[in-house]
Amino acid sequence: MDAEITVVPLLQMASGDVLSLQQYRFVGAQSGKVVYLQANLHGAEIVGNAVIHRLLSYFKTLDEIALQGEIRLVPACNPIGVNTRAHNFASGRFNPYDGHDLNRIFLDWEQAHHGAKAFAEGHLNSDRATIQQTYRQFIRQHFEAELDALQSPVGSPVHQRYRTRLQQSALDADIVIDLHSSSHQGLVYAYYFRDRAPSVPYFDLDFAILLDRFDGNAFDEAFINPWLALEQAFATLGRSLRFDIEAWTLELGTGMKIDAQAVERGVNGILNYLRQQHILQDDEAIFHHPVSLTRTSQLTKYYATTGGFVQQRVAIGTWVQVGELLYELLCLNKTGQLPHTIAVQAQQAGLVYDLSTIEAVSEGEYVLAVMVPDE
């Protein structure tokens, strides 16, 4: 099966060069769900590009009959971030033009227009398929105004031009998978949304985090929040509906690094999930690996209580108990005294799932993070 390849212009630079995306589209012999998968939205989080390359290679070996629906793959989806450097360190988390986090800029239709309640009231007795199709049209109608703004003679800021063109590619998707990694040292896990936990065991994960509180216009949130709001609006009106829409952010290990094991787990988990969704029909066995679940409200990030040098830090993936040593700070001073150390103990039992890359920290800088699993 060959990919349809499309080049999507994003921004013209002062030099005359044009930043662009390249999308690879595989269309199956039968109609079905649309899956949109992108990588490298944060510049230092490069591992997803290798995952997409592996997926491209695999899909090319398949016959069209093995795919029901279509797959869209976009590597290096943020060329601004990918190409941002400070000496030999890849940053690219923040837009250098305006300082915005490049994954906190996306337009959430419900947050902008608050239309779910009125829409549900007007379609209370419609069947689910009709509701889903009509709501897509409602979202697209509002999106047209965003596209029109790009043609305005007054112009629009960099982040708006970028987000609009990227979101346009996923507007009619049923499933969004956004490939990230830690910006530091991380495990393999996923962020998921309300009522979507049954799909978690089909990915190859260490654990999964429910986004139980708003994190701020990330790509996956902006895509699925209108549908979650519509489900809630119907529930308020006494009708229980669950739309066949899912969004995932997969965190695949460590930033600025393509870890072979993380790539392998990312590829295997995505293919297995697509089989479970009846999109990929290649006759391979489907695995089911239950993992620990937690939620964003049960994550604790530890920040340096004073300046110093991190030592004796626990290894990533360590389960700790309350009172166990997480790390020591070697603290210097300018008071004529000898350096001293400060021990930092765990304030709750949990899994150390993320570690800062740098081990020289000023007061208030991030050191590590611990997740507490659901009971």
Side-chain angles (χ1 to χ4, degrees), residues 1-6 8 21-39 48 51-75 77 109 127-140 143 166-179 190 192-193 195-204 219-220 222-228 230-231 241-250 266-288:
M1 179 167 47
D2 292 325
E4 299 177 12
I5 303 176
T6 305
V8 181
L21 303 178
Q22 187 150 292
Q23 181 183 109
Y24 302 86
R25 181 170 174 255
F26 293 91
V27 181
Q30 305 175 65
S31 61
K33 295 178 181 178
V34 175
V35 180
Y36 175 84
L37 196 151
Q38 68 181 21
V51 172
I52 286 181
H53 179 250
R54 288 274 302 276
L55 293 173
L56 286 170
S57 299
Y58 184 75
F59 292 139
K60 286 187 67 174
T61 68
L62 298 178
D63 190 271
E64 292 178 356
I65 198 169
L67 185 63
Q68 183 171 324
E70 68 176 78
I71 310 286
R72 300 172 189 168
L73 301 144
V74 182
C77 73
W109 327 111
D127 63 87
R128 191 182 76 159
T130 299
I131 293 170
Q132 193 158 316
Q133 179 181 3
T134 307
Y135 197 55
R136 282 191 191 280
Q137 294 169 350
F138 169 79
I139 292 173
R140 181 170 289 279
F143 191 79
L166 189 64
Q167 283 184 276
Q168 186 179 14
S169 300
L171 205 61
D172 60 344
D174 299 286
I175 296 169
V176 160
I177 302 176
D178 197 5
L179 301 181
Y192 72 100
F193 293 88
D195 300 327
R196 273 64 181 176
S199 294
V200 168
Y202 296 97
F203 292 101
D204 185 4
F219 192 89
D220 56 350
F223 170 77
I224 201 172
N225 274 348
W227 297 97
L228 298 177
L230 189 60
E231 291 174 353
L241 274 180
R242 157 61 160 86
F243 297 105
D244 205 7
I245 304 289
E246 295 192 356
W248 305 88
T249 288
L250 299 188
V267 171
N268 290 341
I270 290 167
L271 292 177
N272 190 65
Y273 170 76
L274 294 178
R275 295 178 187 115
Q276 182 264 340
Q277 291 286 318
H278 308 294
I279 297 165
L280 180 59
Q281 301 176 349
D282 58 359
D283 298 324
E284 294 288 335
I286 299 175
F287 65 75
H288 181 278

- Could you check if a side-chain atom of Lys33 sits within less than 4.5 angstrom of a side-chain atom of Ile175, using non-hydrogen atoms only? yes

- Item | Within-4.5 Å side-chain heavy-atom neighbours: Asp178 and Leu250 | no

- Message: With rounding to the nearest 0.5 angstrom, report the OH to CD distance, Tyr192 to Glu246.
- Response: 12.0 Å

- Note on the structure: dist Ile71:CD1 -> Leu280:CG (nearest 0.5 Å) comes out at 7.5 Å

- Task: Nearest 0.5 Å please: distance from the CG atom of Asp63 over to the CD atom of Gln281.
- Result: 12.0 Å

- Message: As an exercise, state the distance from CH2 of Trp248 to OG of Ser199, rounded to the nearest 0.5 Å.
- Response: 5.0 Å

- Task: Flag the pair Leu37 / Val51 as yes when at least one side-chain heavy-atom distance between them is below 4.5 Å, and no otherwise.
- Result: no

- Message: Looking at Ile65, I'd like to know if its CD1 atom is crowded, meaning that more than 12 non-hydrogen atoms belonging to other residues, nucleotides or ligands lie closer than 6.0 Å.
- Response: no

- Message: Check this for me: Asp2, atom CG, are more than 12 non-hydrogen atoms of other residues, nucleotides or ligands nearer than 6.0 Å?
- Response: no

- Task: Could you tell me whether a side-chain N or O of Asn272 sits under 3.5 Å from a main-chain N or O of Phe203, the two making a donor and an acceptor?
- Result: no

- Under the 3.5 angstrom rule, does the side chain of Arg128 hit a backbone N or O of Arg242 as a donor-acceptor pair? yes

- What's the spacing between Ile224 CD1 and Phe193 CZ if we round to 0.5 Å? 5.5 Å

- Apply ring pair (Phe, Tyr, Trp, His ring centres under 6.0 Å) to Tyr58 and list each qualifying residue two or more places apart in sequence or on a separate chain. none

- Query: Do Asp174 and Gln277 come within less than 4.5 Å of each other through their side chains, counting heavy atoms only?
  - Reply: no

- Are Asn268 and Glu284 close enough, and set up right, to give a side chain to side chain contact (heavy atoms under 4.5 Å, CB included), and what steps lead you there? CA-CA 11 Å; Asn268 290 341; Glu284 294 288 335; over 6 Å; no

- Any donor and acceptor pair, going by atom type alone, linking the side chain of Arg72 with main-chain N or O of Gln38 inside 3.5 Å? no

- Item | Basic-acidic side-chain contact under 4.0 Å: Asp282, Arg275 | yes

- Look only at the side chain of Gln68 and the backbone of Gly28, and say whether a donor-acceptor pair between them is shorter than 3.5 Å. no

- Matching residue for Leu171 among Trp109, Phe223, Tyr36 - test: side-chain contact (heavy atoms from CB on, under 4.5 Å): Trp109

- Message: Between Thr249 and Phe219, is there a side-chain heavy-atom distance shorter than 4.5 Å?
- Response: no

- Task: Begin from the C-alpha positions of Ile52 and Leu179 and carry the test side chain to side chain contact (heavy atoms under 4.5 Å, CB included) through to its verdict.
- Result: CA-CA 9 Å; Ile52 286 181; Leu179 301 181; 4.2 Å; yes

- Side-chain heavy atoms of Leu55 within contact of Val267, under 4.5 Å: yes

- Message: Between Gln132 and Trp227, is the side chain to side chain contact (heavy atoms under 4.5 Å, CB included) condition met? List the steps.
- Response: CA-CA 9 Å; Gln132 193 158 316; Trp227 297 97; 3.7 Å; yes

- With a 4.5 Å limit on heavy-atom distance, are the side chains of Thr134 and Phe138 in contact? no

- Task: Find out whether Glu4 and Tyr24 are in side-chain contact, i.e. whether some heavy atom of one side chain is under 4.5 Å from a heavy atom of the other.
- Result: no

- Task: Output the distance between atom CE (Met1) and atom OG1 (Thr61), rounded to the nearest 0.5 Å.
- Result: 8.0 Å

